[in-house]
Number of protein chains: 2
Amino acid sequence: MLTERQLLILQVIIDDFIESAHPVGSRAISKKEHISFSAATIRNEMADLEDMGFLEKTHSSSGRVPSEKGYRYYVDHLISPSIMHEDGDVIKHIIQDNFFEFEQIVQMSAEVLSRLTNYTTIILGPEIFETKLKQIQIITLSSNTAVAILVTNTGHVEHRSFSIPHEIEPSDIEKMVNIMNDQLSGVPIIQLAEKFNSQIASMMKKYVSNLENSYHYLNAALIQDHPVKLYIGGKSNMLMQPEFNDVDKIRSFYAMIENEDEIASMLKQSKDGIKVSIGRENNVEAIKELSLITAAYHLGEDQTGTIALLGPTRMEYRRVISLLNILSHEMTEALYMWYKNNE
Amino acid sequence: MLTERQLLILQVIIDDFIESAHPVGSRAISKKEHISFSAATIRNEMADLEDMGFLEKTHSSSGRVPSEKGYRYYVDHLISPSIMHEDGDVIKHIIQDNFFEFEQIVQMSAEVLSRLTNYTTIILGPEIFETKLKQIQIITLSSNTAVAILVTNTGHVEHRSFSIPHEIEPSDIEKMVNIMNDQLSGVPIIQLAEKFNSQIASMMKKYVSNLENSYHYLNAALIQDHPVKLYIGGKSNMLMQPEFNDVDKIRSFYAMIENEDEIASMLKQSKDGIKVSIGRENNVEAIKELSLITAAYHLGEDQTGTIALLGPTRMEYRRVISLLNILSHEMTEALYMWYKNNE
DNA sequence: ATTAGCACTCGATAAGGTTGAGTGCTAACA
DNA sequence: TGTTAGCACTCAACCTTATCGAGTGCTAAT
């Protein structure tokens, strides 16, 4: 168990290192305001903290740097969640100003969060389990091209252009759209493909001549791949961090951040509340020198999305956690209001 | 005027430097297959070429490197436009496979071009002078939220969620949409705002009670800001180039590439055909060490968009020019066919 | 006009020297 | 027994110096 003094020293070291990015030495600590014991004493305590695995040295005569275990302890025990009022106000404004467009809220939040923190923000759109189809529209552009538009109850719009096979009449299209809206409106997006295949296809045969092709096209245009939407803001913030003054690190960071699938799967793990993964805790090779902080937000009762901040392990945990707390809370609240109105 | 031999040497040096990124020395040249004179002779010629400004040295005893003037001469006189057949085939496939979706073509082209070249691709969507409104749709999501959808004759879709003020009845919305579609369908996007203000506003007053708010919202949602669309692919390719093994250069490159307005204005200059801007020729501080190659593509008769490749001045000009030739040609052709079908 | 030869230049790399911030340990002290 | 002053030691960072080699320019011979 750690003594009061060890806790104090650990905290001071981590705070200092988070700010300066330089290893912290005993003399520097002893000079701080609220430190009343000598450098030698601190050295002894630091040696103990190192033995316990909370601190590390970069080389045998360097100052101390927090280890992953040190950060973990810091996050779990040493930071009292403080509210940053200015930050909170900024966030509230963003959300209120964009209250009526879900995607706008998300997009803006990602940018603001990056600007406030200088880290990289990743927001995962809500899981689509509960998102429902609102309406399908097909607008013909010419005799043989059309654009299909799919609107969900969350106001999300997907569209896809396609060609109209020769055999299909405009009236056929109209019929098909009517059938689809009749049958599919209110159906969760995730069940669309299934419903489409099991129920709609047979119905259409009755009304629409030459189904094969149109079926194929519609299927391709609307039902296929609705990848989880990922909003990433402040990628180039990472270039500002002193730990990224090495070209190779920059390269591998960009390689990682452009692999959206991997990122999505990293974020999906997160449950309720705020989760902090420090360095190797992520089990993902690509970010073994970074920390990932995720917070869930909710849309309605079952849908959850994830907001995350990615930064060096030397991260301003206190501030970031407070920010994510506020943001996820505000988003959830705003979306709850919005969702209630939509029922 | 340059002698035959000087031309040959200039060409060999530039070809070699483009491939290796290392200054080229006289001995290395003299060893090449088709070079039959000695290193000393080459040194004399190189000195002359340097006097004329086609070559430079990185330091007093280094090999030679092409100057901007050297690249300029190379591009203007030394490269016979050769067709790369494999590249051409890849491009044709992309375009044919995505024939029916304009944005898809553009998106895919940007990615393929980046993959083939290892440079950064920038594609500027067609100017909107001739793009016309096809249809406006407003889909209500709930009693007080709705999403407005605007479709152009090119199959482009814009959407925007907004709130419905209390005073407005669903029937009002329907009326408004009908009026707008009656009056605005076929109107060039660029004139939408004007037409909306001059003609529609007054008409609506007759039919729709409490116009002020709805007017405001619709205006904001649909008419405002349709920025030129920019597709950028292969940003991180630049990290592979040896000239970018300096963190500061990477930083300023990303700062530049994220400033979309500046990029758009750089590209807009380009007229017909292929234009090569080498280093400082761009007059843009941010890319004074890069080359920008632009090619126009056409949509219909009056609309032109721009495809561009951005890379180090040490660029594979021959290959890149040939690629852009093929791509702009294929895009223009595909779009012509498509446009014709749409009339 | 061409080329061999040679002195010279300069970046790149490695080797040694100095500095300063930091440590661990010991012995004295409260 | 816990704390502290003192001191020898370590090591990265920085600077200087030496060496090497790829390259040049110039001169003189062909």
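Letters A, B, ... are given to chains in the order of the sequence lines, protein chains preceding strands, and every chain is numbered from 1.
Of the residues in residues 26-56 of chain B, those with a non-hydrogen atom less than 4.0 angstrom from any atom of DNA chain D are B:S26, B:R43, B:M46.
Within 6.0 Å of CZ in A:R27 there are 12 or fewer heavy atoms belonging to other residues, nucleotides or ligands.
The aromatic rings of B:Y71 and B:Y317 are tilted relative to each other, their planes meeting at an angle between 30° and 60°.
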Apply side chain to side chain donor-acceptor pair (under 3.5 Å) to the pair A:T121 and A:S114, showing each step before the final yes or no.
CA-CA 6 Å; A:T121 304; A:S114 294; 2.8 Å; yes
B:R318 vs B:I18, test: side-chain contact (heavy atoms from CB on, under 4.5 Å). Steps then yes/no.
CA-CA 10 Å; B:R318 195 198 311 272; B:I18 284 176; over 6 Å; no
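Judged purely by atom type and a 3.5 angstrom limit, A:D15 has no side-chain atom pairing as donor or acceptor with the backbone of A:V12.
Bounding nucleotides for the chain B contact on DNA chain C, 5' to 3', at a heavy-atom distance below 4.0 Å, are C:dT2 to C:dG11.
In this structure, the side chain to side chain contact (heavy atoms under 4.5 Å, CB included) partners of B:Q241, at least two apart in sequence or on a different chain, are B:N118, B:Y119, B:M238, B:E243, B:F244, B:P312, B:R314.
A:K57 places its NZ atom 12 Å from the C1' atom of D:dC9, with the value rounded to the nearest Å.
In summary, the aromatic rings of A:Y74 and A:F17 are positioned with their centroids too far apart to meet the 6.0 Å limit.
The salt bridge (Lys or Arg N to Asp or Glu O under 4.0 Å) with B:E281 is formed by just one residue from the set B:R72, B:K275, B:K288; it is B:R72.
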